[in-house]
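Atoms within a ligand are numbered from 1 in the order they appear, just like the ligands themselves. Numbers here are sequence positions counted from 1. Given the structure is predicted, the values throughout are model-derived calculations rather than measurements.
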Amino acid sequence: MDLEQIASEITSHQQSATEMEKITLRYDGLTVEDAYEIQRLSVASMIRPGNSLVGWKMGLTSKAKQQSVGVNEALYGRLLASMELAQPELSLKGLIHPRVEPEIAFVLKHRLEGPRVTPRDVWLATECVMPAVEVIDSRYKNFSFTLVDVVADNASSAKFLVADQAYSPYQFRWDEVGVVMKKNGEVVQTGAGAAVLGHPVRSVVELVHMLHRTGHALEAGMVVLTGAITEAIHVYEGDTVSVEFDEMGEIRLDVRP
Ligand code: OOG
Ligand code: MG
């Protein structure tokens, strides 16, 4: 199978914001390893000066998310500089059917790599922890996919926004941090950090282990989105989403045409 060919097909759908059929309907026998290679090739083709790899995201680390998409395994994706929102405004240009989800982000000060990293290693390597929201946007019709499809599509990565304020890793119990997501003033989702593999630090541990299998590592300065705490909600033009993180204020996102 020509993984390069599949990767360039997916890249073009990501760049033109057009839906596609699941690749698993058209290519038989693709493995999860193939899918990660497709993801690597596709994202590599978008890297250029000014659009570097700035971090990684974990996904499907909570039961709520796994159930809503019908995939029972965690996965990871790559974050490029161009995905980071500079302002709390989301333009629908370049997106298909975006959804917003609350996340906790880790920012690293040291490299992390290897098959036996522990939460302790993660704390030693973490500069700060920050509230964040991710905007996901599957390129597949109806946001419907298998694990192989979604991994190849860079884990539905589209945009992300990290809060202005950073916190010491030790300032809060990140598993006990409560989150309330509102859309146009109405509560639409609630959750707590523990929804993410029991504790968001576990998500970073798992990411390092998964990356090790393909010889990758987390570099100093990188951001890690640890995975949605609640289900993701669809957003449309004119919506305002606010996510309140206990004792850390809120992140607001205005959805524009
Ligand atoms: C896959 C990406 C999931 C998360 O935080 O769980 C994800 C999807 O739901 O489209 O980003
Ligand atoms: Mg996410």
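- Against a heavy-atom cut-off of under 4.0 Å, I136 is close to the following atoms of ligand 1: 8 (C), 9 (O), 10 (O), 11 (O).
- You'll find the side chain of F145 stays beyond 4.5 Å of the side chain of T24, heavy atoms only.
- The pair E101-R99 fails the salt-bridge criterion, with no side-chain N (NZ, NE, NH1 or NH2) lying under 4.0 Å from an Asp/Glu carboxylate O.
- Of all the atoms in ligand 1, the ones that sit under 4.0 Å from a non-hydrogen atom of V69 are 9 (O).
- Atoms of ligand 1 found under 4.0 Å from any heavy atom of F143 (numbered from 1 in listed order, with element): 10 (O).
- Centred on the Mg ion (ligand 2), the OE2 atom of E103 and the OE1 atom of E134 lie at an angle of 100°, reported to 10°.
- Salt-bridge annotation for D239 and K183: present, with a side-chain N of the basic residue lying under 4.0 Å from a carboxylate O of the acidic one.
- Each of the atoms 8 (C), 10 (O) of ligand 1 lies under 4.0 Å from some heavy atom of F145.
- Close approach to A155 involves these atoms of ligand 1, each under 4.0 Å from a residue heavy atom: 1 (C), 2 (C).
- Of all atoms in ligand 1, listed by their number and element, those nearer than 4.0 Å to a heavy atom of E103 are 5 (O).
- Atoms of ligand 1 found under 4.0 Å from any heavy atom of G227, numbered from 1 in the order shown, are 5 (O).
- Between V107 and V129, the closest side-chain pair of non-hydrogen atoms is not below 4.5 Å.
- The shortest N/O to N/O separation between E101 and ligand 1 falls below 3.5 Å.
- None of V122, D121, T118, L197 except one satisfies the side-chain contact (heavy atoms from CB on, under 4.5 Å) rule with V205; the exception is V122.
- In this structure, H234 and F143 have perpendicular ring planes: the angle between them is above 60°, well past the 30° mark.
- Counting only heavy atoms of the protein, atom 6 (O) of ligand 1 lies nearest to L60 N, 2.7 Å.
- An N or O contact shorter than 3.5 Å links S156 to ligand 1 by distance.
- Under a 4.0 Å N-O distance rule, the pair K141/E21 qualifies as a salt bridge.
- Close approach of ligand 1 to K57 is summarised as follows: ligand atoms under 4.0 Å from at least one heavy atom of the residue are 2 (C), 7 (C), 11 (O).
- Taking the six-membered ring where tryptophan is involved, the planes of W123 and Y170 are tilted, since the angle between them lies from 30° to 60°.
- An N or O contact shorter than 3.5 Å links A228 to ligand 1 by distance.
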